[in-house]
Enquirer: 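Okay, here's the structure, questions in a sec.
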Amino acid sequence: MEVDIIGAILVLDEAHNIEDIARDAGSVDVEEDVLQKLQTELQELCSVDPMIYQPLYELAQDLLSWIEGRKNKLEKREFQHYCTCWAGDKALRELQEANISQQCFPILLDCAKQAIKAATDTEAEGSHLSGMSVGLFSSLTYFFSRNGCHVPDFQLALRRYVKRDGKKAGDWTYTLSLWCLNPAVVFKDIADLSLSVILTSGTLSPMNSFSSELGVQFGTCLEAPHVVDVESQVCVSVISTSPDNYPLNASYKTADCYTFQDALGKSLEEICKIVPAGALVFFPSYKMMEKLSNRWRETGQWSRLNSRKPLFVEPRGGNQEDFDSILKDGNQLAENSGKGGAAFLAVCRGKVSEGIDFSDDYARVVIVVGIPFPNINDIQVGLKKKYNDTHKTSKNLLGGNEWYCQQAFRALNQAVGRCIRHKFDYGSIILLDERYKEERNRVYISKWLRKSIQQFNNFDMSLEGLRSFFRNAKEKGHTRNKSQKLSKSDQFGEKTVSLTKCEAAFSKLKSQDDFEVQASIQINDELEISQEIIDQECDSHTSSRCSEASSHEDPEITLVEETPGMGECGAASSPGLFSKDGNYSSTMMQGPY
């Protein structure tokens with residue numbers, strides 16, 4: 001982006017995905033045919049400027065030769081998918097066999113920079129590259145950085161698979177990958193260059209992975225209450241059985257069972273009879289959503305659901321125009337159908353769950369089917385779990401299984417946030433899976449919802465609770481009158497978030513008993529904090545809510561002590577984390593409940 005961040009204060013909004021973004025920024029996937037096209041272009045350009053293009057041509061040639069020598073020796077992973085991975089020193093040796101070493105890479109990088117500059121200089125005359133794999137050199141730069149200190153944080157991979165994009169059966173795709181498994185490799189550069197980094201999102205929780213995964217300490221962690229009155233404006237319930245008392249469990253062990261699929265369809269139909277407006281239904285994956293949709297079309301359940309609310313399905317892949325078209329059609333049909341809104345079937349981590357505004361009658365209920373764990377068969381997910389287990393002690397990381405759980409519930413918390421979009425909104429959140437009955441799973445759910453989760457003895461009682469909620473919500477006037485104008489103090493985004501705004505909340509803590517280390521806190525204009533995670537637990541566009549939350553009579557504000565001391569390799573705390581006398585001030589602060 002060519003933004004100078006030296007000494008800057010960086011505010012990263014919607015930061016719930018920052019770990020994934022940082023890992024992706026340090027990773028690259030290059031297909032064999034892309035390398036072949038690059039090689040052809042470079043060969044033609046060698047006559048223009050051999051000093052720049054000859055080394056790059058030889059690099060492309062060496063990588064293609066390396067792929068050719070290994071493409072028939074790959075390990076079978078699943079149907080039409082083969083892969084072999086190399087970690088640490090083995091990855092280093094494999095790259096050396098492709099003539100990419102710690103010693104020669106700086107020369108290749110310099111040539112690549114000149115080639116990219118020539119290609120992007122619109123005023124330059126003559127021939128130049130039409131495209132360059134910038135990601136390859138970016139990933140290799142991180143791989144070789146700090147004298148090879150980060151080599152153990154990467155996996156080199158070669159895959160052979162069949163694409164699902166219309167290619168003829170048997171047309172293999174070969175992809176060379178360099179995967180970064182440690183987001184701290186990328187994020188530490190940002191933390192070191194900037195004065196301060198603030199991560200903020202409505203759904204940062206679970207929060208305790210950020211310090212270890214990003215390799216920096218966060219001096220302040222704030223998990224604030226919601227702007228709405230959760231008790232009267234939100235109905236959160238776990239539904240664990242169907243109308244026929246069949247257990248609802250969407251885990252991979254039972255999701256293929258027709259009895260479960262039929263029971264789930266019947267449950268959704270009964271819920272849709274009660275919900276007075278739009279419904280969002282989130283599934284753990286596109287694969288499960290498609291499987292259930294196909295079954296319901298075969299049995300007639302799809303027609304019965306569609307008769308209650310017009311059904312729309314989030315497209316898999318596709319462009320933004322296709323997605324916007326479906327949203328527009330859905331809104332129009334819902335308004336004209338007379339059926340009390342439409343039902344949108346979507347996927348956790350998809351476009352619908354990541355920031356689309358479904359306020360008021362567009363979504364009076366959010367239903368989450370199952371727990372959105374990442375695909376356990378995904379190669380990178382398996383490698384990341386293994387990496388965390390291996391480096392759990394040396395880098396203060398969460399164990400592989402704990403990391404895996406946190407990824408699932410962060411996606412869940414993001415999805416359920418689609419329901420409540422402003423302080424006058426109201427709606428129901430339904431967790432449709434018996435596993436939510438277990439405390440070990442509910443503990444990961446956002447704090448603003450956790451204490452309000454209801455469990456009923458059977459499906460009929462769940463429906464009665466839902467019916468009662470919508471009846472009471474309407475009577476209490478939470479429905480926002482369209483002619484009502486919000487006062488300036490209620491217009492979200494009018495205020496800025498400031499740590500000094502929290503003084504009102506902190507002043508309520510009367511004694512040493514309220515703090516474990518109260519004396520180490522100073523909240524004033526001179527407070528120097530290098531990294532802050534602010535979990536507003538609310539709309540990403542409502543920057544005023546932190547300050548509003550601090551004025552509540554009984555603020556549910558928790559400041560959590562983060563993971564101390566990272567490993568020495570790229571995980572040390574940023575200098576800005578220390579106070580003026582050079583001492584780091586780590587604090588645990590718990591507001592009254």
Side-chain angles (χ1 to χ4, degrees), residues 17 19-20 23-24 27-29 31 70-71 73-87 91 154-165 167 169-183 209 213 249-258 260-261 264 282-295 314 316-317 345-350 353 368-391 397-412 414-415 433 435 441 444:
N17 289 331
E19 296 171 19
D20 296 336
R23 277 200 310 274
D24 289 345
S27 304
V28 68
D29 298 294
E31 294 182 5
R70 288 154 183 77
K71 60 170 53 175
K73 302 175 184 177
L74 304 180
E75 301 170 11
K76 186 170 184 177
R77 295 283 177 151
E78 54 189 61
F79 179 65
Q80 293 186 331
H81 198 157
Y82 296 76
C83 178
T84 297
C85 298
W86 300 268
F154 284 81
Q155 284 273 345
L156 178 68
L158 181 62
R159 289 176 292 155
R160 174 163 61 106
Y161 55 94
V162 175
K163 277 187 176 180
R164 298 179 182 177
D165 60 357
K167 275 192 173 185
D171 283 355
W172 293 104
T173 296
Y174 294 89
T175 299
L176 166 68
S177 301
L178 188 60
W179 292 322
C180 176
L181 301 179
N182 181 8
S209 70
E213 287 290 318
N249 188 315
S251 66
Y252 71 96
K253 294 178 181 178
T254 55
D256 288 338
C257 174
Y258 286 155
F260 160 75
Q261 294 174 6
L264 179 63
F282 287 104
F283 298 89
S285 66
Y286 286 105
K287 184 178 179 180
M288 180 179 289
M289 182 171 69
E290 290 166 359
K291 189 182 300 180
L292 289 165
S293 298
N294 291 337
R295 171 64 179 175
E314 178 179 11
R316 186 172 192 164
L345 309 188
V347 173
C348 291
R349 300 182 187 87
S353 71
V368 181
V369 175
I371 302 176
F373 288 106
N375 183 0
I376 193 64
N377 294 316
D378 185 289
I379 297 170
Q380 291 188 66
V381 171
L383 290 173
K384 174 61 178 170
K385 286 183 67 179
K386 185 178 178 181
Y387 172 87
N388 275 40
D389 284 334
T390 302
H391 299 281
L397 297 175
L398 298 177
N401 285 333
E402 178 69 8
W403 170 85
Y404 186 67
C405 284
Q406 294 212 1
Q407 300 308 298
F409 283 91
R410 201 168 285 154
L412 168 79
Q414 181 69 8
D433 195 293
R435 288 172 290 174
N441 289 325
Y444 291 107

Enquirer: Please step through side chain to side chain contact (heavy atoms under 4.5 Å, CB included) for the pair N375 and S285, ending with a clear verdict.
Expert: CA-CA 8 Å; N375 183 0; S285 66; over 6 Å; no
Enquirer: Is the backbone N or O of P183 less than 3.5 Å from a side-chain atom of E213, with the two atoms forming a donor-acceptor pair by type?
Expert: no
Enquirer: Measuring from atom OH of Y444 to atom CD of E402, what distance do you get when rounded to the nearest 0.5 angstrom?
Expert: 3.5 Å
Enquirer: Taking all non-hydrogen atoms of both residues into account, name the closest pair between C83 and R77 and its distance.
Expert: O-NE, 3.6 Å
Enquirer: With rounding to the nearest 0.5 Å, note down the distance linking NE2 in H81 to NZ in K76.
Expert: 12.0 Å
Enquirer: Does T84 use its side chain to pair, donor to acceptor, with the backbone of E75 at less than 3.5 Å?
Expert: yes
Enquirer: Could you go through R23 and D20, starting from their C-alpha distance and side-chain angles, then the distance that decides it, and tell me whether this counts as salt bridge (Lys or Arg N to Asp or Glu O under 4.0 Å)?
Expert: CA-CA 5 Å; R23 277 200 310 274; D20 296 336; 2.4 Å; yes
Enquirer: Quick check: do V347 and R316 have side-chain heavy atoms less than 4.5 Å from each other?
Expert: no
Enquirer: In Å and rounded to the nearest 0.5 Å, what is the SG to CD1 distance from C348 to I371?
Expert: 10.5 Å
Enquirer: If I take atom CZ from residue F282 and atom CD from residue Q414, how far apart are they, to the nearest 0.5 angstrom?
Expert: 9.0 Å
Enquirer: Show the nearest heavy-atom pair for residues Q155 and C85, with the distance to one decimal.
Expert: OE1-CB, 3.4 Å
Enquirer: Report the C-alpha separation of K384 and E19 in whole Å, then their side-chain angles, then the decisive distance to 0.1 Å, and conclude whether the salt bridge (Lys or Arg N to Asp or Glu O under 4.0 Å) test is met.
Expert: CA-CA 12 Å; K384 174 61 178 170; E19 296 171 19; over 6 Å; no
Enquirer: Checking the side chain of R349 only, and the main-chain atoms of P372 only, is there a donor and an acceptor separated by less than 3.5 Å?
Expert: yes
Enquirer: Heavy atoms only: give me the nearest V369-P284 pair and the separation to one decimal.
Expert: O-CD, 3.1 Å
Enquirer: With side chain to side chain contact (heavy atoms under 4.5 Å, CB included) as the test, would you mind laying out the steps for W172 and V162 before giving the verdict?
Expert: CA-CA 5 Å; W172 293 104; V162 175; 3.9 Å; yes
Enquirer: Is there side-chain contact between F154 and L181, with heavy atoms separated by less than 4.5 Å?
Expert: no
Enquirer: Measure the spacing between CD of E78 and CD1 of I379 and express it to the nearest 0.5 Å.
Expert: 7.0 Å
Enquirer: Does K385 reach the side chain of I376, with side-chain heavy atoms less than 4.5 Å apart?
Expert: yes
Enquirer: Do you know which two heavy atoms are closest between Q261 and A255, and how far apart they sit?
Expert: NE2-O, 2.9 Å
Enquirer: Atom CD of Q407 and atom CG of L412: how far apart are they, to the nearest 0.5 Å?
Expert: 13.0 Å
Enquirer: Which word best sums up how the rings of F373 and F409 line up, parallel for under 30°, tilted for 30 to 60°, or perpendicular for over 60°?
Expert: perpendicular
Enquirer: Taking it one step at a time, do L74 and L158 satisfy side chain to side chain contact (heavy atoms under 4.5 Å, CB included)?
Expert: CA-CA 8 Å; L74 304 180; L158 181 62; 4.0 Å; yes
Enquirer: Do any N or O atoms from the side chain of N388 and from the backbone of L397 form a donor-acceptor pair under 3.5 angstrom?
Expert: no
Enquirer: Tell me, with the steps shown, if L398 and Q406 meet side chain to side chain contact (heavy atoms under 4.5 Å, CB included).
Expert: CA-CA 10 Å; L398 298 177; Q406 294 212 1; 3.6 Å; yes
Enquirer: Indicate the atoms forming the closest heavy-atom contact of S293 with L345, along with that distance.
Expert: OG-CD1, 4.2 Å
